[in-house]
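Below, chains carry the letters A, B, ... as their sequence lines are ordered, and counting in each starts from 1.
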There are 2 protein chains.
Amino acid sequence: MPPLYRKIAAGLREEILSGRLRAGDRLPTETQLQDQHGVSRNTIRLATALLVNEGLVEHVPGRAGGMVVRQRVTLTFHASRAEMPGPYSESDAWFSEVREQGYEPSQTFELRIEALPAELAQRLGVEADSPAAVRRCIRSVNGNASSVQDTYYPMDLCQEVPELLSPHDIPQGTTRHLAEHGHVQVAYEDEVVAAMPGPTEAAILELPAGTPVLTYIRTGFTPERAVRVSVTTFAADRNRIMYTLGNADVIAKFRASEEP
Amino acid sequence: MPPLYRKIAAGLREEILSGRLRAGDRLPTETQLQDQHGVSRNTIRLATALLVNEGLVEHVPGRAGGMVVRQRVTLTFHASRAEMPGPYSESDAWFSEVREQGYEPSQTFELRIEALPAELAQRLGVEADSPAAVRRCIRSVNGNASSVQDTYYPMDLCQEVPELLSPHDIPQGTTRHLAEHGHVQVAYEDEVVAAMPGPTEAAILELPAGTPVLTYIRTGFTPERAVRVSVTTFAADRNRIMYTLGNADVIAKFRASEEP
DNA sequence: CAGTGGTCTAGACCACTAC
DNA sequence: TAGTGGTCTAGACCACTGG
């Protein structure tokens, strides 16, 4: 026999998943739920905490607030397209993807110099705690933070390619600048993981409780060495990552035939 | 001023992240924490619920139990390697990857016939609710469920390739059988998302509270059509997905030079 | 102002599991 | 059997926000 609070949560979950309650709809208030089920408020809060942690509802403060069924907008990040040959910088690609999907993109930049944590140093094939330039890019959709990207460049590369140290967007893309100095990236390794955010990540991305983050770590290689590592953290409720493997034309043709 | 329960959680989080508490260590009991901070038990439980939801600790029942710092084993799933040309089936690739990483793999199979949900039907370019064979494979590492994979084949393909309807593992791999009947997959589209599990997913994967799932949806294309969709759900605390783009030899060479 | 959720207390009884 | 967490109650005061 499941405990009371789980049964109450299951009932509400059913209402939402079945579609009887839609995104934006208000759930009954805590007092109403107490009366309906004849339990204490604490029990109701245990139940709703479950739904919040599943990302189904969120609490909205104030008199007109209450518990509201969450909206889900998904933005697609095409990992195979980003930074592939072409005249675009990665942020151009991202901007046009977001616009294509009907939203308004914006981003902020920041530059720091940091000692490389061991995990990342290992990926770059350099010593832990050696210095690196970190370019942080926070990307927002319709004004809501959507992803944070930290890209780490070993310090020796920055001396060769001083453009990397700009604290602003680099319109032509850093990949381009690296290439012009002889560092042409010919391979990428991507690692995709998911986890619950710590409080700092939750703060940056303004994540409601119960929202995991989707992180992808890309290491870029020239024929000689690893030149950079990017750690991109997405709010998982608003983003997905897409990869295309093999003959991409086949997929494009298929999509075209589906259109009409 | 953050509320009490957050301050208490922050203190414990610090202990864990700083390394003073290691995986397997027990946190103070609830009674001890009550005394230390002079608060009620309910407040302590609010604090520890946060840590549980961040996946940092888990509750172990019984006298010798308590709250224990969670262990993190990560298994790598190489999405670019799986099903790429070669004599191996996908499950062979998975088995050897798990063994390489020092764990013991096992899996169970199941076959169902189902109406295709609209989402997946659209990916296959067929009508919603048309019938499909679903091969479910639950993969475990050291006896713990680690991922569930459901692969959907449109019914017309199953008539052509009756092997698909076997309720067991197909040693040579379904991809191989499809190819032998003229359906050679030449492109794949992968979609990666993360979310909190519903109760059924949590049950199958035996997920502790606060563990997100990492889902990847792969659509396989022949030059003519989409032939199958696989939905693989990983426990995010035990798995990561890896992609290699571009010239893989460059990365292999880099790894080799790092070894000594 | 009225009503929402946010936080917190001080109790209680139960189920489980190692000792 | 003793000690852990799991569940639940019945109160309380507060901060916030719309009408």
Classify the side chain of A:R6 versus the base of D:dG6 as yes if they form a donor-acceptor pair under 3.5 Å and no if they do not. no
Between D:dC16 and A:R63, is there an OP1 or OP2 to side-chain N/O distance shorter than 4.0 Å? no
Could you tell me how far apart A:L4 (CG) and C:dC13 (P) are, to the nearest whole angstrom? 18 Å
Side chains of B:R13 and B:I16: does their closest heavy-atom pair fall under 4.5 Å? no
With a 3.5 Å distance limit and no angle check, can you tell me whether B:R135 reaches the backbone of B:T174 through a side-chain donor-acceptor pair? no
Would you mind telling me which residue lines up with the more 5' stretch of DNA chain D, A:V39 or A:A64, judged by nearest nucleotide? A:V39
How far apart are the closest heavy atoms of B:A128 and B:A121, and which atoms are they? CA-CB, 3.6 Å
CG of A:L46 versus C1' of C:dG6: gap in Å, rounded? 14 Å
Could you state the atom-to-atom distance from CD1 of B:I44 to C1' of D:dT7 in whole Å? 17 Å
Is a donor-acceptor contact shorter than 3.5 angstrom present between the side chain of A:R41 and the base of C:dT7? yes
Specify the separation, in whole Å, of atom CG of B:D35 and atom P of C:dA10. 12 Å
Looking at every strand, decide which applies to B:G65 at a 4.0 Å heavy-atom threshold: base, sugar-phosphate, or nothing. nothing
Examine A:Y216 together with B:Y243 and report whether their ring centres are nearer than 6.0 Å. no
For the pair made of CD in A:E30 and C1' in D:dA10, what is the distance, rounded to whole Å? 15 Å
Rounded to whole Å, CG of A:N42 lies from C1' of C:dC13 at a distance of 15 Å
Write down the distance between NE2 (A:H59) and P (C:dT7), rounded to a whole number of angstrom. 10 Å
Please compare B:S40 and A:T29 by the position of their nearest nucleotide in DNA chain C and report the one closer to 5'. A:T29
Verify the contact: side-chain N or O of A:T43 to OP1 or OP2 of D:dT9, cut-off strictly under 4.0 Å; return yes or no. yes
Go nucleotide by nucleotide along DNA chain D from the 5' end; which of A:P2 and B:G62 gets its closest nucleotide reached first? B:G62
D:dT17 C1' sits how many Å from A:R26 CZ, rounded? 12 Å
For the CD atom on B:E119, are there more than 12 heavy atoms of other groups (residues, nucleotides or ligands in this structure) within a distance under 6.0 Å? no
